[in-house]
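Remember, it's a predicted structure, so these values are computed and weren't measured experimentally. Below, chain A is the first sequence line, B the second, and so on; all start at residue 1.
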Amino acid sequence: MLLALKDVNTYYGQIHILQGVSLDVAEGELVCLLGGNASGKSTTLKTILGLVAPRSGSVVFDGEDVTRASTSRRIERGMAIVPENRRLFSPMTVTENLEMGAYRRSGDLRAAFERVYDLFPLLADRRSQLAGTMSGGEQQMVAVGRALMSEPRLLLMDEPSMGLAPILVERSFEIIQAVHEAGVAVLVVEQNANMALSVADRGYVLQTGRIALTDRADALRENDDLRKAYLGR
Amino acid sequence: MEFFVQQLVNGLTLGSVYALIALGYSMVYGILKLLNFAHGEVYMVGAFIGYGVLTMAGGAADPVLPAAVLVPLMFLAAMIGSGLLGVAIERFAYRPLRDAPRIAPLISAVGVSFFLQAAALLLFTARIRNYDTPELIPFSVGVEVGPLRISLVRILVIVTAVVLMVALTLLVSRTRLGKAMRATAYDREAAAMMGIDTDRVIAATFFIGSVLAGAAGVMIGLVFSRVFHFMGFLAGLKGFTAAVVGGIGNIPGAMVGGLLIGLAEAYAAAYLSSRFSELVVFTILIGVMLVRPSGLFGTPALQKV
Ligand SMILES: Nc1ncnc2c1ncn2[C@@H]1O[C@H](COP(=O)(O)OP(=O)(O)OP(=O)(O)O)[C@@H](O)[C@H]1O
Ligand SMILES: [Mg+2]
């Protein structure tokens, strides 16, 4: 397994958010994490990345127990994130945003830039535009490009389709698939369960901080409970 | 006319010093949204370190080193010493309160300010120390510009300040650290998500801002010669005013604000009375705040989308 969470309990102060979450992602796999508002999806990603520390349980990445490791360390080891709401550095240029994605890498970044520009040719023309002045769809490209600059082995994505027009939602899932096909493992958090399950290999359903359900994506699509709760049909 | 130009030089000298102090306020505010009230004391300590080096080298009248070596040495020691002091203040007085309500680090800042003033009073007494610069670099040495002579010391101060500000601008706009500083200032959590060690970036910001304050301390020592434990109060207040006038958190704003305050003070002292200089400085502050509450270069507080 590339990533394995074992019985993770995460708190914000006294509030018990993640209650014994276990989850794993294999090398090159595309896994989705579904769940309603405030079910703890973002907290799961933050725990994986080390932005919040779990009170108990373990996070193992690529054979290394990183439960107590810094975020910098985890990124050096091959994690990257497209945060919820993208969180671009608005007053900085596209190039500078991409550079920040490669912050933990030393040496020549030209190849990394080329790969991002191949995936998003538009960004090559907008290198010196301030990220904050871009449209939602364009910002999405910068956010994904920024995460890819570190050439991660595991890409975490927190609701990439949020706030995008339907056509851009589809485009955004095409990008996820393209990244996946390039051999990068992806853990994508989504409320758009239909869309997520159509591209994912496997899925987890989080309910108030617990994994309520996990299965192959095609099986989850046929699951009655899930259909009632999330798929709206 | 001559008098007017002479005041211009005075104003630029003072303004350089205020600009350097203002930069530290602005940078720290930009990254932590904290008013570092101890910043004036960092400047005071820089002035004392410069004085210490000068004294150890035998004093201005009889230095064991030529002025061309001694003065850079004073700057270097003061800048490094102040820089390290700034880092220590952040580490021990602000970092433990990072997640506390915003008033807590503010009170801590006031505490550090009093602490450093009291420490300087204990160590150096209330006696006003003199750099006695004219004995080191006679004020008569200078450049003739028409009927006007600009003393070498003032040229040195203005040029050094310009060099430092250009260096800072390049650092912030071009280097990896500078970009990380901007990213961290804009969104600390997002910066951390990119693997930026934000604690180190914040420490570096304090170091750089304090280095500039240390340099400003030596400059004031060289030009006005008066070094004492309470000197950081008014200079800090004016540096802070300059930062606010320019738009706090904004680097070019701090530079322009500093020059503006320096010039205003020089001309007020020359044409009105030195007793009015403070009045004019703070009138400018109030005036700018009324017309542009976010400062000359500040962008009106915009909503993060
Ligand atoms: N920094 C914080 N401090 C305290 N509570 C928090 C913090 N961040 C999140 N929470 C709480 O933790 C719970 C889970 O939040 P989380 O952001 O993980 O949910 P989510 O599943 O990502 O929701 P959404 O779909 O709305 O993004 C929520 O009740 C939230 O209010
Ligand atoms: Mg969320």
CG (B:Leu290) with more than 12 external heavy atoms under 6.0 Å: yes

Portion of A:Leu88 that has a non-hydrogen atom of chain B nearer than 4.5 angstrom: backbone

Which portion of B:Thr198 sits near chain A, non-hydrogen atoms under 4.5 angstrom: neither

Point-to-point distance, once rounded to the nearest 0.5 Å, from CE of A:Met100 to OG1 of B:Thr184: 8.5 Å

Contact leader toward chain A among B:Met193, B:Arg176, B:Arg182, where contacts are heavy-atom pairs under 4.5 Å: B:Arg176

Atom of A:Ile75, atom of B:Met194 and distance for their closest heavy-atom approach: CD1-C, 3.5 Å

Part of A:Arg74 within contact of chain B (heavy atom distance under 4.5 Å): neither

Greater than 12 external heavy atoms within 6.0 Å of B:Phe282's CZ: yes

Residue A:Asp108 excluded, over 12 heavy atoms near CG under 6.0 Å: yes

B:Gly195 to A:Tyr103 - nearest heavy-atom pair and separation: O-CD2, 3.9 Å

Residues of residues 89-98 of chain A near chain B, each having a heavy atom less than 4.5 Å away: A:Phe89, A:Ser90, A:Pro91, A:Met92, A:Glu96

Per-residue contacts, residues 49-56 of chain A versus chain B, heavy atoms under 4.5 Å: A:Leu49, A:Leu51

